[in-house]
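First comes the structure, then the notes that go with it.
Per chain, numbering begins at 1; letters A, B, ... match sequence-line order.
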Protein chains: 2
Amino acid sequence: MTEPIRIKDIAKRVGVSSGTVDRVIHNRGNVSADLREKIERAMEEMGYEPNIAARSLANNRKTVTIAVILPDYRTDPYWEQPKEGVERAAESVRHFGAVVEFYFFPIFEPKVFLTVVSKVLKNQPDAILVAPLFLKEAQFLLSECAQRSIPILSINTQIENAEELDYIGQDSYQSGVLAGRLLNFGLSDGDHAMLVNLDKEVASARHLQEKERGFKDFFKSVEQKDVVIHINVLEDFDDPEKMKAWAKEQLKLFPKLKGFFVTNSRAYKLAEALPSTTYPWAKIVGFDLIGPDLRLLEEGKIQFLINQNAWHQGYLGVITLVNRLILKKRTQRILYLPLDIIVKENVEYYLKRTLESPTMVV
Amino acid sequence: MTEPIRIKDIAKRVGVSSGTVDRVIHNRGNVSADLREKIERAMEEMGYEPNIAARSLANNRKTVTIAVILPDYRTDPYWEQPKEGVERAAESVRHFGAVVEFYFFPIFEPKVFLTVVSKVLKNQPDAILVAPLFLKEAQFLLSECAQRSIPILSINTQIENAEELDYIGQDSYQSGVLAGRLLNFGLSDGDHAMLVNLDKEVASARHLQEKERGFKDFFKSVEQKDVVIHINVLEDFDDPEKMKAWAKEQLKLFPKLKGFFVTNSRAYKLAEALPSTTYPWAKIVGFDLIGPDLRLLEEGKIQFLINQNAWHQGYLGVITLVNRLILKKRTQRILYLPLDIIVKENVEYYLKRTLESPTMVV
DNA sequence: TTTTTTGCCGTGTGCGCACACAGTATTAAT
DNA sequence: ATTAATACTGTGTGCGCACACGGCAAAAAA
């Protein structure tokens with residue numbers, strides 16, 4: 001075991017004081033080019049790594065605030081998960097002087113989102129964590145952050161061509177492919193399958209488009225079986241009667257309809273709308289571990305759920321920003337979380353994982 | 001945001017010095033019962049939580065060594081994974097003064113295991129991380145550790161009725177059930193399935209027994225389909241010719257044999273032994289993300305792999321011991337890791353996860 | 001009573017780092 | 001030549017905690 005290198009060690013090696021090394025480390029200027037270079041080389045050669053315990057201890061007077069902008073969890077249970085992940089992370093990093101402030105906006109209202117954004121900017125946070133559901137409005141937020149040089153990280157929805165924007169979340173295309181494979185396992189030659197978007201403004205929601213593309217691509221690649229695919233958008237998902245009527249109609253239209261892929265966490269709304277005679281032969285693949293879906297998974301009315309790790313998106317989002325702000329460690333800019341496949345037998349592990357787990361800032 | 005409570009704060013509240021509070025916290029004695037009680041109550045009421053940064057900084061003179069006892073990774077690729085997880089964790093906790101020392105033993109030799117154990121004990125480690133493959137020998141190690149009061153944590157193989165032994169790993173029974181469900185998806189009514197133990201001394205390996213029990217129980221619970229189950233043990237897995245002959249014989253014996261469940265990471269040995277005419281209709285479910293299995297998953301010759309998170313077993317094992325030794329935080333004694341379901345489409349996330357990921361000890 | 005032991009408590013120092021401040025040498029302005 | 005400004009560099013302090021040490025009283029031994 002080699003002894004850890006301290007600032008003092010490299011100072012002695014170069015023949016300067018620790019203050020000078022410190023200035024180099026933090027780019028505070030007031031160091032001659034000559035010395036600066038020598039010190040940088042020494043750090044490199046000796047393999048200096050800051051002691052994070054000492055660093056965070058010395059830092060602990062100044063607190064950094066992270067603004068978290070999420071859809072209102074009261075209108076959609078899915079958004080409870082990122083919120084809880086953020087809260088858990090906030091608790092873990094309290095000792096490091098990090099504080100999070102929540103800002104919520106109604107899930108289908110871009111205008112309110114903008115209002116919230118201006119409120120956030122007025123409060124001058126040190127960093128922002130956001131679920132940028134609305135493309136145009138998100139780009140406004142991005143340019144404002146660039147101007148003020150506020151670090152910003154997005155979860156859940158990936159924005160293309162956004163240089164200064166970190167992302168933690170899913171690879172939507174790949175999750176569509178995966179859904180195709182899972183559904184295909186349960187289908188026979190000649191069966192029909194249907195992709196159902198239970199959402200609003202689907203045409204402008206890039207992540208839904210990507211899932212659709214992936215789903216279609218998978219079935220194009222399957223050679224042994226010939227499965228017919230239908231695509232449907234249904235905005236009246238909050239009206240159980242309309243849902244039931246719609247489901248009935250589809251089953252009549254396509255008698256060989258045996259599989260459904262619901263592209264978000266509302267698979268339960270479809271499962272509950274299907275007539276009971278469709279069980280057990282109807283196969284449903286959905287997303288995420290929210291209460292209603294879990295119940296139906298347990299009952300065998302939903303076969304597979306793909307976990308988008310919404311909890312971890314929130315958790316890791318905060319941790320990543322803290323790493324960047326306080327510990328000055330920059331991790332990779334885009335992090336695709338695993339697409340966990342959930343069935344009855346392994347669901348409990350994924351639910352418990354959010355509670356415990358010995359983890360630690362590195 | 002409430003200010004964090006420091007030792008100094010509770011000392012002032014009770015009207016003593018910080019040294020006295022310190023003695024209470026560390027059970028160092030020399031505190032009157034009266035004061036002790038007052039201080040404990042004050043800590044409770046004010047919600048004292050030690051500052052881990054300060055704690056680890058103050059602790060960093062003394063180093064703790066963790067002895068890691070694993071099967072030799074050169075004889076079985078599976079064991080590379082825990083080893084690498086341990087190495088990664090060791091790197092993360094170096095700053096906390098933790099050092100790991102590796103000890104390897106041949107995977108099928110209990111006697112050598114005992115030799116290694118006595119070598120470990122002679123070196124007087126502060127804690128032990130072990131994969132206790134051999135029950136009797138493991139119990140010897142346990143009693144020795146109890147005598148010397150050395151904290152010990154096991155991974156991979158769970159020992160029953162071992163009070164002082166923490167465990168991080170899989171729930172073997174449940175993984176057997178899961179394998180049953182996955183295989184069942186691909187099978188039709190009347191098909192045969194076979195559980196294959198490619199291992200030695202299966203009768204004494206509890207985790208294999210448990211997988212078998214879970215697998216059988218699943219098929220007992222399936223009512224719609226009637227799938228016939230066979231159980232087989234095959235110790236000659238290292239001889240490709242014998243494997244091929246065996247496979248050929250089984251397929252002749254049971255013409256409707258369509259599915260295989262290999263209870264460890266050697267599914268590739270079976271897949272390679274099956275005649276090419278069995279593809280694509282042969283379904284194989286195996287364990288773990290080791291090189292040969294991954295290749296066959298990609299080729300479509302293995303359908304599902306269940307990830308036992310071997311890497312994380314090593315990683316979390318070290319982190320847990322460090323939490324206990326240095327930060328004095330005791331986490332739960334038994335941690336069942338998720339049973340990840342791996343297919344072609346999501347395998348890359350699980351492989352990458354072991355490399356990066358912003359994590360943080362709490 | 002005097003000395004020693006024991007029980008109990010406060011004080012002081014250092015862990016590695018960040019940062020304010022005080023210096024010193026060099027150059028520019030007067 | 002003297003002063004003033006500039007460009008650097010060293011010193012000191014505190015973050016919260018662990019632990020060694022010293023001190024002071026009461027109890028035990030002399």
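Rounded to a whole Å, the CZ atom of B:Arg28 is 13 Å from the C1' atom of D:dC21. A straight line from NZ of B:Lys8 to P of D:dA18 spans 15 Å, rounded to a whole angstrom. The separation between B:Asn51 atom CG and D:dA18 atom C1' is 13 Å, rounded to whole Å. If you measure from atom CZ of A:Arg55 to atom P of D:dG16, you get 18 Å, rounded to the nearest angstrom. Following rounding to the nearest Å, A:Leu57 (CG) and C:dC15 (P) show an atom-to-atom distance of 14 Å. Across the protein-nucleic acid pair, B:Asp22 atom CG and C:dC8 atom C1' stand 14 Å apart, rounded to whole Å. Taking atom NE2 on A:His26 and atom C1' on C:dC17, their separation rounds to 8 Å, with Å as the unit. Rounding to whole angstrom units, CG of residue A:Asp9 and P of C:dC15 are separated by 11 Å.
With distances taken from any side-chain atom of B:Ala58 to the nucleotides D:dG16, C:dG10, C:dC17, the minimum falls on D:dG16. The side chain of B:Ser18 has C:dT11 as its nearest neighbour among C:dT11, C:dA18, C:dG16. Closest to the side chain of B:Asn59, from the set C:dA18, D:dT11, D:dC19, is D:dC19.
Each of A:Glu49 and B:Val31 was assigned the nucleotide of DNA chain C with the nearest heavy atom; the assignment lying further toward the 5' end belongs to B:Val31. Between A:Arg6 and A:Arg23, it is A:Arg6 whose nearest contact on DNA chain C lies nearer the 5' terminus.
Taking 4.0 angstrom as the limit, B:Ser32 places a side-chain polar atom (N or O) nearer than this to OP1 or OP2 of C:dC9. For D:dG10, the OP1/OP2 oxygens have a side-chain nitrogen or oxygen of A:Thr20 closer than 4.0 Å. For the pair B:Tyr48 and D:dC17, the criterion of a side-chain N or O lying under 4.0 Å from OP1 or OP2 is met.
The aromatic rings of A:Tyr315 and A:His312 stand perpendicular to each other, their planes meeting at an angle above 60°, with 30° marking the opposite boundary.
A donor-acceptor pair under 3.5 Å is absent between the side-chain atoms of A:Ser154 and the main chain of A:Ile168, judged by distance alone.
Residue B:Thr65 holds its OG1 atom at 8.0 Å from CG of B:Asn123, rounded to the nearest 0.5 Å.
Ionic pairing of A:Glu84 and A:Arg88 is not present here: no N-O contact between side-chain nitrogen and carboxylate oxygen is shorter than 4.0 angstrom. By the 4.0 Å N-to-carboxylate-O rule, A:Lys12 lies too far from A:Asp9 to be salt-bridged with it.
Across all strands shown, A:Asn30 has heavy atoms under 4.0 Å from base atoms, whether or not it also approaches the sugar-phosphate. Across all strands shown, B:Ile25 has no heavy atoms under 4.0 Å from either base or sugar-phosphate atoms.
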